[in-house]
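Below, each value reflects all heavy atoms present in this structure, side chains not excepted, and no hydrogens, waters or symmetry copies.
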Amino acid sequence: MRYNGIFDLSFLLVVLPVLVSIIIIILKSSLNIIITSKIQNEYVCIKINIKYMFNLININKQLYPPKSKEKKTNTNKKNERKKRKSKVKFEDILSIYNLLKKIKIEELYSEIEFGNENISFTTFIYIFINAIYGNLANIIEINKIYLSINPNFTKNYITTNIKLHIKPTIKDLIDIGKAIYKIYKNNKDGEVNESNKFNEKSYGNNS
């Protein structure tokens, strides 16, 4: 009896289906990404919390302000850097928007309190934010949503508490990453092609 044949058969019947099932579960499993933002006048704090696989992976990070404010400067690199103008097409924006629409939004919490002694300005901001709230509630499907705004016409201040809880799958993140990389690559290739147009040299005899 050939042991290699038995091993190959057992691999195909047992190990391979298990591996395929694990890969499918990983791709379809969701991450819990919670973004919180707190603003109190000039103080701004934005944090992100990522949970995955029954909280076996739990990452907490402060996005703004950054905890380490050390900046490494290199004059040579600064001189070599060139500002690139990215040309993003409407089709690219639409494709990313369609991918983002597939991401499940679990909760959106927004509580805004602001005040300004200018009554016209305060009223305009109040109506503007309410319009945004109305469009969000009608366009985006959210399981839990709480939107509140309280204007004050006698004081100058602003305080906000915003919480966004989304549940993208690994496959969603991979698709979005592919789309962004494709846009970046197309822009980079376009810049190279444009630069080649103006770098062509003529070596003919001009005498």
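- Of the candidates L164, N143, L136, L164 is the only one forming a side chain to side chain contact (heavy atoms under 4.5 Å, CB included) with I105.
- For the pair P65 and C45, the tightest heavy-atom approach, listed with the atom from each and the gap, is CD-CA, 4.2 Å.
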* **Trace of the side-chain contact (heavy atoms from CB on, under 4.5 Å) decision for T123 with F153** => CA-CA 9 Å; T123 304; F153 299 94; 3.7 Å; yes

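- Few gaps surround OH on Y157; more than 12 heavy atoms of other groups in view lie less than 6.0 Å from it.
- In terms of modelled atom types and a separation under 3.5 Å, the side chain of T122 and the main chain of N116 share a donor-acceptor contact.
- Hydrophobic clustering (ILVMFWY, side-chain heavy atoms < 4.5 Å, transitive): I174 and I176 are in one cluster.
- Side chain of N41 to main chain of I158: a donor-acceptor pair is present (N/O by atom type, distance under 3.5 Å, no hydrogens or angles).
- In this structure, CD1 in I140 is found 11.5 Å from CD1 in I103, a value given to the nearest 0.5 Å.
- Around CG of L100, the count of heavy atoms belonging to other residues, nucleotides or ligands within 6.0 Å exceeds 12.
- The CD atom of E106 sits 9.5 Å away from atom NZ of K163, with the distance rounded to the nearest 0.5 Å.
- At a threshold of 4.5 Å between side-chain heavy atoms, the hydrophobic network of Ile, Leu, Val, Met, Phe, Trp and Tyr places Y43 and I162 in two separate groups.
- Counting heavy-atom neighbours within 6.0 Å of Q40 CD, excluding the residue itself, gives a total of 12 or less.
- Taking NZ from K171 and NZ from K102, the interatomic distance works out to 6.0 Å, rounded to the nearest 0.5 Å.
- Both L108 and I46 belong to a single network of hydrophobic side chains, linked directly or stepwise wherever heavy atoms of I, L, V, M, F, W or Y lie under 4.5 Å apart.
- A 6.0 Å sphere centred on OH of Y126 holds no more than 12 heavy atoms belonging to other residues, nucleotides or ligands.
- Take I50 and apply the side chain to side chain contact (heavy atoms under 4.5 Å, CB included) test, not counting sequence neighbours, and it matches L31, I33, I48, I59.
- In this structure, D172 CG and K167 NZ are separated by 12.5 Å, a value rounded to the nearest 0.5 Å.
- Y181 and I183 fall into different hydrophobic clusters, where Ile, Leu, Val, Met, Phe, Trp and Tyr are joined by side-chain heavy atoms under 4.5 Å apart, directly or via other members.
- Residues I39 and I34 are members of separate hydrophobic clusters, defined by side-chain heavy-atom contacts under 4.5 angstrom among Ile, Leu, Val, Met, Phe, Trp and Tyr.
- At distances below 3.5 Å, at least one donor-acceptor pair connects side-chain atoms of N156 with backbone N or O atoms of E117.
- Taking both residues in full, the closest heavy atoms of S110 and Y133 are given as OG-OH, 2.7 Å, listed atom of the first, atom of the second, then distance.
- Within the 4.5 Å cutoff, the side chain of N32 has heavy atoms near those of the H165 side chain.
- Contact of the F114 side chain with the P151 side chain is registered, since non-hydrogen atoms from C-beta on lie closer than 4.5 Å.
- Atoms CD1 and OH, from I145 and Y109 in turn, are 13.0 Å apart once rounded to the nearest 0.5 Å.
- Taking OG1 from T169 and CG from D175, the interatomic distance works out to 7.5 Å, rounded to the nearest 0.5 Å.
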